[in-house]
Amino acid sequence: MAIREGSIGELAVGDGKSQDFIRDIVSADLASGRRETVVTRFPPEPNGYLHIGHAKSICLNFGIAEEFGGHCNLRYDDTNPTKEDQEYIDAIERDVRWLGFDWGAHLYHASDYFERLYEWAEYLIRAGKAYVDDQTQEEMRLTRGTLTEAGVESPYRGRSLEENLDLFRRMRAGEFPNGARVLRAKIDMASGNINLRDPVLYRILHAEHPRTGRKWSIYPSYDFAHGQSDSIEGVTHSICTLEFEDHRPLYDWLLDSLPVPSRPHQYEFARLNLTYTVLSKRVLTELVRGGHVRGWDDPRMPTLAGLRRRGVPPAAIRDFVKRIGVAKANSVVDMAMLEFSIREHLNKTAQRRMAVLRPLKVVIENYPEGSGEEVEAINHPENPAAGSRMVRFGRELFIEREDFLENPPKKFFRLAPGREVRLRYAYFITCREVIKNAAGEVIELRCTYDPATRGGNAPDGRKVQATLHWVSAADARPAEVRVYNPLFARPEPDAANFAADLNPDSLEVIADARVEPALASLESGQAVQFERQGYFCSDADSTAERLVFNRTVGLRDSWAKVAAGGR
RNA sequence: UGGGGAAUAGUUCAACGGUAGAACAUCGGACUCUGACUCCGAGAAUCUAGGUUCGAAUCCUAGUUCCCCAGCCA
């Protein structure tokens with residue numbers, strides 16, 4: 001990751017090229033002396049798994065901190081114990097680390113500040129800026145007004161300081177049942193901004209909190225916790241998504257009303273949307289709970305855990321995030337952009353292997369029976385240091401079923417009756433005979449090879465139009481290959497009715513692929529390219545007896561476009 | 001006449017009063033023992049209407065369209 005050079009001052013003025021409006025603000029704050037350091041934070045609520053939308057936020061917050069010489073806190077916004085779980089807390093840390101970021105000692109929890117927040121709530125009561133409201137949830141909803149009509153003030157709004165304090169303390173003491181009362185800020189029931197119509201600051205929740213257990217029976221709302229937590233941590237730039245723009249006046253009101261130790265500012269950017277998937281925690285949770293996918297780490301999921309299991313390198317995600325930029329316009333990024341970043345990274349790093357997904361048997365009639373040999377295959381075409389390996393060749397082979405067509409159309413270069421092609425790293429072969437079963441399906445090809453073309457080149461200089469990958473029938477290992485397609489059938493699925501837009505073919509399981517033996521020892525998490533197919537990795541389900549591979553992403557396939565367009 | 005935001009190629013971003021540019025996608029071509037990679041090229045945009053200015057994507061005025069907000073979720 002590029003760390004910009006020079007002092008912070010130089011940086012601010014120096015390279016006049018801005019990257020995005022938030023970095024511009026940070027730069028300007030530093031240049032003007034309004035800020036001396038930069039502290040950001042990534043504040044997930046541990047109520048679900050992190051997804052690629054979070055990656056945008058993580059890269060932004062950690063990235064800015066790193067570039068400007070500050071630091072970024074990982075803070076759990078754990079103010080609602082009814083929705084949170086230790087499983088999510090663990091997953092979040094794992095995923096942020098995997099993405100490549102480190103919060104060092106700066107791991108915090110909003111729940112660490114419960115005592116201080118409580119004191120500030122009493123402070124607000126004493127300042128006449130908060131009151132205990134006895135209205136029911138329903139009454140509050142009715143009296144909040146509408147988008148176009150002012151709300152009406154609660155009959156409890158005028159309570160004395162003493163009564164408010166007494167009631168609030170008894171709320172804390174657990175004297176009242178859930179929902180009986182809330183603490184509200186006393187702001188303006190006629191405000192055009194509904195967040196300012198006496199927002200709820202504390203609610204009664206008799207619930208077990210993952211960190212504070214049963215200690216509390218009241219919990220602060222997001223609004224009452226977030227800005228103050230930022231302030232306690234000395235956060236300078238509190239970067240969140242667009243839907244919190246309306247909350248900024250409340251964020252500011254609270255910080256201005258309380259004796260907080262520092263004054264952070266909130267900035268908002270547009271959250272990430274991606275075609276053919278959905279980045280809503282609610283929908284993702286339903287996908288898991290409803291059994292539409294195999295879990296949070298299903299390789300079809302846009303979660304970081306899913307992307308990891310699928311074989312997506314974290315560096316590719318970081319690169320993707322850098323490419324899409326940061327702005328305030330709602331947008332939907334083309335999945336093709338993510339795939340480009342993944343391929344770009346994997347092309348450079350993944351070693352090449354041969355694997356036949358849908359095998360078609362080939363018998364080389366003029367190849368001596370019972371014998372075999374080894375041919376040398378290079379591991380990476382652009383990196384000689386990756387070396388080479390020996391691959392078994394023999395009389396019986398498998399090639400890809402789709403690499404043979406009995407009646408080839410004009411632009412089809414691959415194997416066909418009477419046609420000669422190259423088997424990569426091995427020999428030229430010519431198809432002599434097509435064998436079919438009773439149903440008329442091609443089940444075997446009888447071919448001949450030219451011994452003079454060993455290694456893949458003809459001494460007489462003749463050319464072939466295609467080079468096919470292959471495996472030796474005697475040596476190849478059977479494997480299951482899981483091919484993933486978009487989770488949704490439409491580029492912009494309807495989140496409200498996501499089930500209707502699910503792609504029924506999002507998972508293709510190929511049960512009987514054949515892979516070269518070297519693949520049996522592929523380490524988990526290690527990316528490989530199956531030549532001419534795509535990038536793959538070993539799945540967590542893979543065992544020595546039963547190999548399982550995930551296709552991370554296919555290679556670009558211009559033939560597929562020609563073939564699809566031709567009919 | 002509720003409040004808050006946003007509008008630039010198909011998509012995502014730049015351009016900060018001075019030549020509208022990039023990446024992805026698309027379409028050509030070159031190269032190739034991966035129909036991959038790489039390389040070269042092409043088409044493609046300032047929401048609308050006025051105004052200010054020598055000059056407007058940028059400033060002003062009036063519209064239009066889209067997004068967010070009426071949880072004791074975050």
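As a basis for the values below, the full set of heavy atoms in this structure was taken, side chains included, without hydrogen atoms, waters or symmetry mates. Letters A, B, ... are given to chains in the order of the sequence lines, protein chains preceding strands, and every chain is numbered from 1.
Donor-acceptor pairing under 3.5 Å, judged by distance alone, is present between the side chain of A:His247 and the base of B:rA74. Judged by distance alone with a 3.5 Å cut-off, no donor-acceptor contact links the side chain of A:Arg248 to the base of B:rG4. Within 3.5 Å, no donor on the side chain of A:Asn193 pairs with an acceptor on the base of B:rG4, nor the reverse. For A:Glu382 against B:rU38, no side-chain N or O and base N or O form a donor-acceptor pair under 3.5 Å.
In the set B:rG71, B:rG3, B:rA7, the nucleotide with an atom closest to the side chain of A:Arg144 is B:rG71. With B:rA6, B:rC73, B:rC24 as the candidates, the nucleotide lying closest to the side chain of A:Arg203 is B:rC73. Of the candidate nucleotides B:rG71, B:rU26, B:rA23, B:rU26 has the atom lying nearest to any side-chain atom of A:Lys561. Picking from B:rU12, B:rG5, B:rA6 the nucleotide with the shortest atom distance to the side chain of A:Leu242 gives B:rG5. Closest to the side chain of A:Asp246, from the set B:rA23, B:rC69, B:rC13, is B:rC69. Distance from the side chain of A:Asn330 is smallest to B:rC67 among B:rC67, B:rA74, B:rU11. Proximity note for A:Arg323 (side chain, C-beta onward) versus B:rC24, B:rA74, B:rG35: the nearest is B:rC24. Side-chain atoms of A:Val200 lie closest to B:rC72 of the nucleotides B:rU34, B:rC72, B:rG5. The listed nucleotides are B:rG2, B:rG5, B:rC73; the one nearest the side chain of A:Glu45 is B:rC73. The side chain of A:Gln137 lies closest to B:rC72, out of B:rC72, B:rA74, B:rA14.
With hydrogens and angles disregarded, a donor-acceptor distance shorter than 3.5 Å links the side chain of A:Asn61 to the backbone of A:Ser57. With hydrogens and angles ignored, the 3.5 Å screen pairs a side-chain donor or acceptor of A:Ser229 with a backbone N or O of A:Ala225.
Proximity of A:Thr79 to the phosphate of B:rC73: no side-chain N or O atom is located under 4.0 Å from OP1 or OP2.
The existence of a salt bridge linking A:Arg41 and A:Glu233 is excluded, since no basic side-chain nitrogen approaches an acidic carboxylate oxygen closer than 4.0 Å. Ion pair A:Arg392/A:Glu516 not flagged as a salt bridge, since none of the NZ, NE, NH1 or NH2 atoms sits closer than 4.0 Å to an Asp/Glu carboxylate oxygen. Using a cut-off of 4.0 Å between Lys/Arg side-chain N and Asp/Glu carboxylate O, A:Glu420 and A:Arg462 are scored as salt-bridged. With respect to the salt-bridge test (charged N to carboxylate O, under 4.0 angstrom), the residues A:Arg197 and A:Asp188 do not qualify.
Base contact: A:Asn457 has a heavy atom under 4.0 Å from a base atom. A:Ser331 comes within 4.0 angstrom of sugar-phosphate atoms only, judged by non-hydrogen atoms across all strands, and of no base. Here A:Lys411 lies in heavy-atom contact (under 4.0 Å) with a base. Residue contacts shown for A:Ile324 are limited to sugar-phosphate atoms, with no base heavy atom under 4.0 Å away. Note on A:Tyr202: nothing from the nucleic acid sits closer than 4.0 angstrom, heavy atoms only. Across all strands shown, A:Arg141 has heavy atoms under 4.0 Å from sugar-phosphate atoms exclusively, and none from any base. A:Glu138 comes within contact range of no nucleotide atom at all, as no heavy-atom separation falls under 4.0 Å. A:Pro249 comes within contact range of no nucleotide atom at all, as no heavy-atom separation falls under 4.0 Å. Across all strands shown, A:Glu339 has no heavy atoms under 4.0 Å from either base or sugar-phosphate atoms. The residue A:Thr82 sits apart from the nucleic acid: no heavy atom pair falls under 4.0 Å. Residue A:Val333 is in sugar-phosphate contact alone, with no base atom involved, counting any heavy-atom pair closer than 4.0 Å across all strands shown. Among the atoms of the strands shown, base atoms are found under 4.0 Å from some heavy atom of A:Phe412. As judged by a 4.0 angstrom heavy-atom cut-off over every strand, A:Val326 is placed among residues touching the sugar-phosphate backbone only. Among the atoms of the strands shown, base atoms are found under 4.0 Å from some heavy atom of A:Phe413.
With centroids closer than 5.5 Å and planes inclined by less than 30 degrees as the test, A:Trp559 and the base of B:rG35 pass as a stacked pair.
Annotation for A:Arg271: atom CZ does not count as buried by contact number, only 12 or fewer foreign heavy atoms lying within 6.0 Å. Atom CD of A:Glu492 has 12 or fewer neighbouring heavy atoms from other residues, nucleotides or ligands inside a 6.0 Å radius.
Side-chain rings of A:Phe536 and A:Phe549 stay apart, their centers remaining 6.0 Å or farther from each other.
Contact check of residues 419-431 of chain A against RNA chain B (heavy atom, cut-off under 4.0 Å) returns A:Arg422, A:Arg424, A:Tyr425.
Both A:Arg414 and A:Ala270 lie near RNA chain B, and the one whose nearest nucleotide falls closer to the 5' end is A:Ala270. Checking A:Arg556 against A:Leu338, the closest nucleotide of RNA chain B that is more toward the 5' end is the one next to A:Leu338.
The distance between atom CE of A:Met337 and atom P of B:rU12, rounded to the nearest whole Å, is 8 Å. Whole-Å rounding puts the A:Asp403 CG to B:rU34 P distance at 13 Å. Regarding A:Asn195, its CG atom lies at a distance of 14 Å from the C1' atom of B:rG5, rounded to whole Å. Atom CG of A:Asp24 and atom P of B:rA14 are 9 Å apart (whole Å). One interatomic measurement links the two molecules: NZ of A:Lys83 to C1' of B:rG71, which rounds to 8 Å at whole-angstrom precision. One atom, CG of A:Asp188, and another, P of B:rG3, lie 13 Å apart when rounded to the nearest Å. Rounded to whole Å, the distance from CG on A:Leu555 to P on B:rG35 is 9 Å. Rounded to whole angstrom, the span from the CE atom of A:Met335 across to the P atom of B:rC24 amounts to 18 Å.
Rounded to a whole angstrom, the distance from the P atom of B:rA45 to that of B:rA22 is 14 Å. For the P atoms, the distance from B:rU53 to B:rA14 is 31 Å, rounded to whole Å. Remark: the separation of the C1' atoms in B:rA15 and B:rU8 is 10 Å, to the nearest Å. Taking atom P on both B:rA25 and B:rU19, the two are 29 Å apart, rounded to the nearest angstrom.
Pairing partner, B:rA70: none, since no Watson-Crick or wobble contact has both distances short of 3.5 Å. Remark: B:rG18 base-pairs with B:rC54. Criterion, Watson-Crick or G-U wobble with two distances under 3.5 Å. With both pairing distances under 3.5 Å, B:rA7 is matched to B:rU64 as a Watson-Crick or G-U wobble pair.
A syn base is found at B:rG71: its glycosidic angle is within 90° of 0.
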>> Working note: A:Tyr202 + A:Phe224, criterion ring pair (Phe, Tyr, Trp, His ring centres under 6.0 Å); need CA distance, chi angles, decisive distance, verdict.
In response: CA-CA 8 Å; A:Tyr202 268 91; A:Phe224 195 70; 5.5 Å; yes

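Side-chain atoms of A:Ile194 and A:Leu147, non-hydrogen and from C-beta on, do get closer than 4.5 Å to each other.
With sequence neighbours left out, A:Asp77 forms a side chain to side chain donor-acceptor pair (under 3.5 Å) with A:His226.
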